[in-house]
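What you see is a predicted model, and the numbers here were worked out from it, not measured in a lab.
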Amino acid sequence: MKIGYPSLNWTIGCNGAKTFHLKSYSHEKLIETVENNLNCLLTMLKFNVKNNLLFFRITSRLIPFASHPVMDFDWKGYFKENFNEISDFINENNIRISMHPGQFVVVNSKDEEVFERSLNELRYHSHVFDLLKLDSTAKIQVHVGGVYADKEKSMERFIGRYNGLNKAIKRRLVIENDEKSYNLSECLKISEKTEIPVIFDYFHHELNNNSRELHVCFEKFTKTWKAEDGLPMVDYSSQKEGKSRGTHIESIDLDHFKKFLKDTEDFDFDIMLEIKDKETSALKAADILKYDKRFIHKEL
DNA sequence: TCACGTCAAGCAGAT
DNA sequence: ATCTGCTTGACGTGA
């Protein structure tokens, strides 16, 4: 079991998710931004390793406009050395990596152009993993997509599109249950037909499920991960009080988290904390996890 | 220096 | 019809 947080670190002093507006696109702007993002990524990873946070979600903003038609710069070649350095650090320290493309990636879209754009975005994510020399335990997580008033057909469309993807993407793609459209059992159904691993989002599951025991859920989704996929991944969060349903909490509720660990003690998996204050909560969670037999860390 | 309108991209549910 | 939330708030113009 490893634990981590997504995308950015509020206290470290750099912002690794810088971007710019399309109309200010230029090679200079791109180089400056990507250089910043890659340097900051390595800084965050070093901070994480020091603090026993061995799971990290890399921001999709790493290379702004990477999948946009405007992109005419060989960023893969230009930043090869930067990627190599980060790759070495990740592999030396056994850091688990994931990415989560934005809501615009809709594999099952009814609109062929939306699918094409989604595919380009997935290619970009896959290229980042290639440059970091990551194996198939590094995952790109997406939601199933839209319902379009016909869930059966939309699930079939996902399966068809998934089956047509090339291997470089397929070996890394996983689906995640969401809070309104596709719950865990629906993701599992898709997994049965495609063998795609299912990421379990605990918070989304609380908001959208057909009331199965948590233990049963874990038994089911963990089985969708094969040896080459690595340990199953779980997204963890909880509801922010007084905000609309689905809003992530600002800072980790440690009692809630402890109960979650207790309820899942029979399983091993990696945890991504989707909590607004990022590393602050991750450090608190790692502190608690030091007393958990499953936790991979340096010193006690 | 800072407020604030806007930003590549999709979808569903609430208001 | 418009707003909100999600991957992740950040950019950048205007005052």
Consider the side chain of A/Arg117, meaning its heavy atoms from C-beta on, and name the nucleotide among B/dA8, B/dC11, B/dA9 that approaches it most closely.
B/dA9
Considering only the [atom1] atoms, how many Å lie between [N] and [M], rounded to the nearest integer?
{"N": "C/dT8", "M": "B/dC2", "atom1": "C1'", "result": "22 Å"}
{"N": "C/dC3", "M": "C/dT7", "atom1": "P", "result": "22 Å"}
{"N": "B/dA9", "M": "C/dG12", "atom1": "P", "result": "16 Å"}
{"N": "B/dT6", "M": "C/dT4", "atom1": "P", "result": "14 Å"}
{"N": "B/dC11", "M": "C/dG9", "atom1": "P", "result": "23 Å"}

Going by side chain to side chain donor-acceptor pair (under 3.5 Å), A/His100 matches just one of A/Arg57, A/Lys139, A/His125, A/Glu176. Which one?
A/Glu176
Once you apply a heavy-atom cut-off of 4.0 Å, does [X] come out as touching a base, just sugar-phosphate, or nothing?
{"X": "A/Gln141", "value": "nothing"}
{"X": "A/His125", "value": "nothing"}
{"X": "A/Val70", "value": "nothing"}
{"X": "A/Ser60", "value": "base"}
{"X": "A/Thr59", "value": "base"}
{"X": "A/Pro69", "value": "nothing"}
{"X": "A/Asp111", "value": "nothing"}
{"X": "A/Tyr148", "value": "sugar-phosphate"}
{"X": "A/Lys276", "value": "sugar-phosphate"}

In whole angstrom, what separates [X]'s [atom1] from [N]'s [atom2]?
{"X": "A/Tyr124", "N": "B/dA9", "atom1": "OH", "atom2": "C1'", "answer": "14 Å"}
{"X": "A/His68", "N": "B/dA8", "atom1": "NE2", "atom2": "P", "answer": "7 Å"}
{"X": "A/Lys23", "N": "B/dT6", "atom1": "NZ", "atom2": "C1'", "answer": "8 Å"}
{"X": "A/Gln103", "N": "B/dA8", "atom1": "CD", "atom2": "P", "answer": "14 Å"}
{"X": "A/Leu207", "N": "B/dA12", "atom1": "CG", "atom2": "C1'", "answer": "14 Å"}
{"X": "A/Lys110", "N": "B/dC11", "atom1": "NZ", "atom2": "P", "answer": "10 Å"}
{"X": "A/Ile63", "N": "B/dA8", "atom1": "CD1", "atom2": "P", "answer": "18 Å"}
{"X": "A/Tyr182", "N": "B/dG13", "atom1": "OH", "atom2": "C1'", "answer": "15 Å"}

So if I apply the side chain to side chain contact (heavy atoms under 4.5 Å, CB included) rule between A/Phe89 and each of A/Leu42, A/Asn84, A/Leu41, which one comes out positive?
A/Leu42
Stacking check: are the rings of A/Phe104 and B/dA9 less than 5.5 Å apart at their centres and under 30 degrees in tilt?
yes
Do A/Arg117 and A/Phe104 form a cation-pi contact, if we require the NZ or CZ to be under 6.0 Å from the six-membered ring centre and within 45 degrees of the ring's axis?
no
Kindly label the base of C/dT8 as syn or anti, based on whether its glycosidic torsion lies within 90° of 0.
anti
Stems with DNA chain B, 3 or more Watson-Crick or G-U pairs in a row (under 3.5 Å), are B:1-7 with C:9-15, B:10-15 with C:1-6
Name the residue closer to the 5' end of DNA chain C, choosing between A/Lys29 and A/Phe203 according to the nucleotide with the nearest heavy atom.
A/Phe203
Given 3.5 Å as the limit, does a donor-acceptor pair link the side chain of A/Trp75 with the main chain of A/Ile63, or not?
no
Would you say A/Glu213 has more than 12 foreign heavy atoms packed within less than 6.0 Å of its CD?
no
Salt bridge [X]-[Y], side-chain N to carboxylate O under 4.0 Å:
{"X": "A/Lys170", "Y": "A/Glu195", "result": "no"}
{"X": "A/Lys18", "Y": "A/Glu32", "result": "no"}
{"X": "A/Asp255", "Y": "A/Lys259", "result": "no"}
{"X": "A/Glu265", "Y": "A/Lys262", "result": "yes"}
{"X": "A/Arg294", "Y": "A/Asp270", "result": "no"}

Sole candidate of A/Phe200, A/Phe55, A/Phe218 that passes ring pair (Phe, Tyr, Trp, His ring centres under 6.0 Å) when paired with A/Phe269:
A/Phe218
Outermost DNA chain C nucleotides near chain A [under 4.0 Å, heavy atoms]:
C/dG5 to C/dG12
Report yes if a side-chain nitrogen or oxygen of A/Ser118 is closer than 4.0 Å to either non-bridging phosphate oxygen (OP1 or OP2) of B/dG10; otherwise report no.
no
